Amino acid sequence: MEILEEVKARVYKFGNKKADGNSTMKNLLGGKGANLAEMSAIGIPVPPGFTITTEVCTEYNLLGKDAVVDLIKAEVEASIANIESLMGTTFGDKENPLLVSVRSGARVSMPGMMDTVLNLGMNDEVVLGLAKKTNNELFAWDSYRRFIQMYGGVVLGMKPESKEDIDPFEEIIENLKEKRGINLDTEFSVQDLQDLVFDFKDVVRKKKGLIFPSDPWEQLWGAIIAVFNSWNGDRAIYYRNMNGYPADWGTAVNVQAMVYGNMGDNSGTGVCFTRDAGTGENVFNGEYLINAQGEDVVAGVRTPQQITKLGSQRWAELAKIEEDDRLENYPSLEELMPKMYKELNSYQDILEKHYRDMQDMEFTIQDGKLWILQTRNGKRTGAAMVKIAMDLLKEGMINEKEALLLIEPNKLDELLHPIFDPKALKRAHVIAQGLPASPGAATGKIVFFADEADKYKNSILVRIETSPEDLEGMNIAKGILTARGGMTSHAAVVARGMGKCCISGAGALKINYKTRTLTVGNHVYHEGDWISLNGSTGNIIEGKVATMEPELSGEFAEVMKLSDKYAKMKVRTNADSPNDAKVARSYGAQGIGLTRTEHMFFEVDRIKAMREMILADTVKGRKQALEDLLPMQRADFEGIFEAMEGYAVTIRLLDPPLHEFVPHQLATQKELAEEMHISLQAVKNKVAELEEFNPMLGHRGCRLGNTYPEITEMQTRAIIEAAINLKERGIICKPEIMVPLIGTVKEFEFQEQIIRTTANKIFEERNDKVEYLVGTMIEIPRATLLADQIAKKADFFSFGTNDLTQMTFGYSRDDAGKFLPIYIEKGILKDDPFEVLDQEGVGQLVNLGIERGRSIKPDLKVGVCGEHGGEPSSVEFFYNSGMDYVSCSPYRVPIARLVSAQAAIKSSL
Ligand code: PEP
Ligand code: MG
């Protein structure tokens, strides 16, 4: 990569109702920087500052520290001078100092991923100046010790040494509290804070061999570089990989004048949402703390108070706090500072209307002046996402297309997940209650450490509070429970983003990491004990609670209806049983794109006949066994056709290698030998004979039907007879018989010949007819190349992108698990190509296949039935490649319907 020569400015200023940038510049300024610029420009009171662009981060990764500092030094110095003039303070000044915050800001929000340093510019002299100027020594020293603590952690890497250890600075704080017999940080005296500053610097010297930097400029450059480095930290990489964000996006750095929420009782800080992020309800809500800094609200050390009176009353009800007690100890901002509340309320209204989406805002009140620190589109649960989109539409803030585009398709998945069975809930023993931070039902075994979340199949991560290091474990766990923290704590925000059930701030829990126990009252729960969480009520329940299918909301149905209005590409389902077909139909599937017939053979009553068929040495023997299978297959097909009445059903002929069906264990081999009246050795010989070096490239797909035509005959008979039987009962079905894994036209022709001959025979026998199609899977690269020749014969194409991916990459589907995770971690591959279609490579073959096929038959029906048919980015690709339908598992059908609509909308914009 070259230096980005064309870059005009590397640093963008904002403040005083002006800005160099705006909200459209997210890629360059990061989400946070772009929004700060926009807010400033529309007259919201944001503390002045500047943003160093994401491109500088890329330059830093390329050129290193010294070169990058040289590149931006003059612009950074001029920007600091601009803040100085707007705030009337001076960076590093002893009398009237300017202090700044330094924050990361990628183009998308990555909560808790990147690091923040507050109060930068502080040193032994500045602290005295600040104390004098604010006439508040306590505040000045508290800011100083907080600065060292954050700078030490973020820039100098002073972190806990092991997971059982606490942060080295927190340890000093705890020791001092114990010595002084106090509980809260707010109880420290000036002397205590001075001691802390001294001890903090001392621990930096001892652990890092460093003198803590006192020069504000040295501090500033250290922090800027640390933000750049944090882009390549473990947490950021994990989050990026989880969300598929590329490494070369980089992060911006935001430097902004500090404003203080901890300047006394006329100051405070908080986080608020323009709507409820859990349910989507249109109520302004949020939390704040008096005399605190931003980190205090999210860190969950003190119990935050609610912003609105209504929210405060709801909270008190859950926490079982009497109204008098609430008013005296936990009043809402609305009640405590009505003027500030009114102003804040007006800004939330302006911001939501301006961005036309639910906003998540941070604010600070410094000595009676309100500052908005940031706003962004708020993270929300799937349920809230659906409700907010439909509400904004009804309120006229957005139109139908925008409403559909506001919904992240994968989020719909959450709504389709199980909830607790109300009957089981009646018997449930609720042991404690916390805040309903993220809805859902979770049941699992207790684990106390995030890196042990995979210890059990279903685990519940129980923590005093969570931190960004816990992200991976939070993702693995079924649910998250924390003793501390409010609705905006790290755990709550991250869990909502993941759509994971979470209860936070359950104060009654006593968690001991050393003994790995959770105590509630006098009951002790151990690691591995079952508990259940109801994220919608905040109830913590002892033991396991049964779950059931969810009921879908009215808004969900509205989204689906709207999707169908705009969608052009149809959505079918992959279903192997009448039940799957029914579920998929209830989710709006318009037909079946793939029935894998082999799945029916694995059931207990069929596997025996199947094995007999495979073990038979003669055609006669095979036909005999197939006779036994015929009625079962026919009955299966009748059930599926009936469930999908009126829609097309694609049934694929037998596909997997036969060795998958034969017994590999001695006991079952013996059983089979006895049942078939043959020797054990004969069974063993046959099993050995079927063994293949590369079964995925072996005797499977249409190669089976071409070597054992009687299998194709039997399956065709089952399909056609089922269709005629239903026709007699007045049920219309449209069978589509699909030949798997063809690579040559002849392979298809041979199969088609058997199918058509068999069907004609049945029509004669029954003196009746049904319409049916004979088509093929396109899943071998050669088939895409010869698609024009194949299209001359086949009635339809269905792309099998699982095999097509396997054979295009040359990655065995069964063995790729060994290296794919490493490839993704190292960035050799961006995604798992078996999950997300490789548009660049496999996608070319798909397009080529469609193009060549339709060059012969312009109306050729084309679909896809590989796993990619339910993955949003792939579904969008399939729409753009001109497919008639995608087919996916029943639970992905709503997602595919939405993406189909979104793709059509996007392409019309
Ligand atoms: C495919 O290969 O994409 C496909 C749908 O078939 P299977 O996964 O059964 O091989
Ligand atoms: Mg396949």
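FYI, side chains are in, hydrogens and waters are out, and symmetry mates aren't considered; it's all heavy atoms of this structure. Just so we're clear, the structure is a prediction, and the values are computed from it rather than from any experiment.
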Quiz prompt | Beyond-backbone contact of Met560 with Ser563, side-chain heavy atoms, under 4.5 angstrom | solution = yes
Please output the side-chain donor-acceptor pairs of residues 30-50 that fall under 3.5 Å, not counting sequence neighbours, one pair per line with the distance.
from: Asn35; atom 1: OD1; to: Tyr355; atom 2: OH; distance (Å): 3.1
from: Asn35; atom 1: ND2; to: Gly31; atom 2: O; distance (Å): 3.3
from: Asn35; atom 1: ND2; to: Thr375; atom 2: O; distance (Å): 3.0
from: Glu38; atom 1: OE1; to: Ser23; atom 2: N; distance (Å): 2.8
from: Glu38; atom 1: OE1; to: Ser23; atom 2: OG; distance (Å): 3.1
from: Glu38; atom 1: OE2; to: His354; atom 2: NE2; distance (Å): 2.6
from: Ser40; atom 1: OG; to: Gly15; atom 2: N; distance (Å): 3.1
from: Ser40; atom 1: OG; to: Lys18; atom 2: O; distance (Å): 2.9

Exercise. Please answer whether the main-chain N or O of Ser101 pairs with a side-chain N or O of Asn119 as donor and acceptor at a distance below 3.5 Å.
Key: no
Self-check item: Student check: side-chain heavy atoms of Asp470 and Ile480 closer than 4.5 Å
Solution: no
Quiz item: Are Thr364 and Thr269 linked by a side-chain donor-acceptor pair shorter than 3.5 Å?
Solution: yes
Quiz item: Under 3.5 Å, is there a donor-acceptor pair between the side chain of Thr274 and the main chain of Gln348?
Solution: no
Quiz prompt | Spacing of CD1 belonging to Ile365 relative to OH belonging to Tyr341, to within rounding of 0.5 Å | solution = 12.5 Å
Self-check item: Plane angle bin for Tyr260 and Phe139 - parallel if under 30°, tilted between 30 and 60°, otherwise perpendicular
Solution: perpendicular
Quiz prompt | Over all atoms of both residues, closest heavy-atom pair of Arg892 and Pro872 | solution = NH2-CD, 4.0 Å
Quiz prompt | Side-chain (Ser267) to main-chain (Asp367) donor-acceptor, under 3.5 angstrom | solution = yes
Quiz item: Does some side-chain heavy atom of Ser908 sit less than 4.5 Å from a side-chain heavy atom of Lys401?
Solution: yes
Self-check item: Short side-chain to backbone donor-acceptor contact, Trp231 and Ala247, under 3.5 Å
Solution: yes
Quiz item: In terms of heavy-atom contacts, does NZ of Lys561 have more than 12 from other residues, nucleotides or ligands at under 6.0 Å?
Solution: no
Self-check item: Nearest heavy-atom neighbours spanning Phe273 and Phe284
Solution: O-CD1, 3.2 Å
Quiz item: Is the backbone N or O of Leu406 less than 3.5 Å from a side-chain atom of Glu408, with the two atoms forming a donor-acceptor pair by type?
Solution: no
Exercise. Enter the distance from Ile224:CD1 to Ile52:CD1 here, rounded to the nearest 0.5 Å.
Key: 3.5 Å
Quiz prompt | Backbone of Val11 reached by a side-chain donor or acceptor of Glu75 within 3.5 Å | solution = yes
Practice problem: Starting from the C-alpha separation in whole Å, work towards a yes-or-no answer on side chain to side chain contact (heavy atoms under 4.5 Å, CB included) for Gln359 and Asp357. | Solution: CA-CA 6 Å; Gln359 295 298 297; Asp357 194 4; 4.3 Å; yes
Practice problem: Nearest 0.5 Å please: distance from the CZ atom of Arg107 over to the CG atom of Leu29. | Solution: 11.5 Å
Quiz prompt | Separation of Met358 CE from Leu351 CG (nearest 0.5 Å) | solution = 13.5 Å
Quiz item: Is a donor on one side and an acceptor on the other found under 3.5 Å between the side chain of Thr51 and the backbone of Thr53?
Solution: no
Exercise. Answer yes or no: is there a donor N or O on one side and an acceptor on the other, between the side chain of Thr54 and the main chain of Asn27, under 3.5 Å?
Key: yes
Practice problem: Supply the atom-to-atom distance Tyr12 OH to Met25 CE, rounded to the nearest 0.5 angstrom. | Solution: 4.0 Å
Practice problem: Give the minimum heavy-atom separation between Met87 and Leu98, together with the two atoms involved. | Solution: CG-CD1, 4.5 Å
Exercise. Apply the side chain to side chain contact (heavy atoms under 4.5 Å, CB included) test between Leu898 and each candidate in Leu412, Asn410, Leu405; give the one that qualifies.
Key: Leu412
Exercise. Please round to the nearest 0.5 Å and tell me the distance separating atom SG of Cys272 and atom CZ of Phe363.
Key: 5.5 Å
Quiz item: Between Met361 and Ile372, does a side chain to side chain contact (heavy atoms under 4.5 Å, CB included) hold up when you go through it step by step?
Solution: CA-CA 7 Å; Met361 303 154 57; Ile372 304 296; 4.2 Å; yes
Quiz item: Is any side-chain heavy atom of Leu562 closer than 4.5 Å to a side-chain heavy atom of Leu393?
Solution: yes
Exercise. List in chain and number order the residues that pass ring pair (Phe, Tyr, Trp, His ring centres under 6.0 Å) with Tyr151, two or more places apart in sequence or in another chain; answer none if no residue qualifies.
Key: Phe147, Phe212
Quiz item: Yes or no on side chain to side chain contact (heavy atoms under 4.5 Å, CB included) for Gln902 and Glu876, after CA distance, side-chain angles and deciding distance?
Solution: CA-CA 8 Å; Gln902 289 180 334; Glu876 188 171 343; over 6 Å; no
Self-check item: For the student: nearest non-hydrogen atoms of Asp564 and Arg897, plus distance
Solution: OD2-NH2, 2.7 Å
Quiz item: Where the side chain of Ser230 meets the backbone of Gly233, is there a donor-acceptor pair that is under 3.5 Å apart?
Solution: no
Quiz item: Are the charged groups of Glu323 and Arg326 less than 4.0 angstrom apart, N to O?
Solution: yes
Exercise. Write down the atom of Asn539, the atom of Gln433, and the distance for their closest heavy-atom approach.
Key: OD1-NE2, 3.0 Å
Quiz item: Does a donor on one side chain and an acceptor on the other come within less than 3.5 Å for Asn377 and Arg356?
Solution: no
Quiz prompt | Short side-chain donor-acceptor distance under 3.5 Å, Tyr288 and Gln305 | solution = yes
Quiz item: Do Met150 and Val155 have side chains that get closer than 4.5 Å, going by heavy atoms?
Solution: no
Self-check item: Side chains of Thr116 and Val154 in contact at under 4.5 Å (non-hydrogen atoms)
Solution: no
Quiz item: Where the side chain of Glu402 meets the backbone of Asn399, is there a donor-acceptor pair that is under 3.5 Å apart?
Solution: yes
Self-check item: Within 6.0 angstrom of Lys394 NZ, more than 12 heavy atoms from elsewhere
Solution: yes
Quiz item: Do the non-hydrogen side-chain atoms of Ile307 and Asn285 ever get within less than 4.5 Å of each other?
Solution: no
Quiz item: In terms of heavy-atom contacts, does CD of Glu317 have more than 12 from other residues, nucleotides or ligands at under 6.0 Å?
Solution: no
Quiz item: Between Glu400 and Tyr566, is a side chain to side chain contact (heavy atoms under 4.5 Å, CB included) present by the stated rule, with each step listed?
Solution: CA-CA 9 Å; Glu400 288 180 351; Tyr566 289 96; 2.7 Å; yes
Practice problem: Measure across Gly105 and Thr251 and return the closest heavy-atom pair with its distance rounded to 0.1 Å. | Solution: N-OG1, 3.0 Å
Please tabulate, one pair per line, all N/O donor-acceptor pairs under 3.5 Å involving side-chain atoms of residues 384-392, not counting sequence neighbours.
from: Lys387; atom 1: NZ; to: Asp391; atom 2: OD2; distance (Å): 2.9

Self-check item: Side-chain H-bond candidate by donor/acceptor type, Gln306 with Thr308, under 3.5 Å
Solution: no
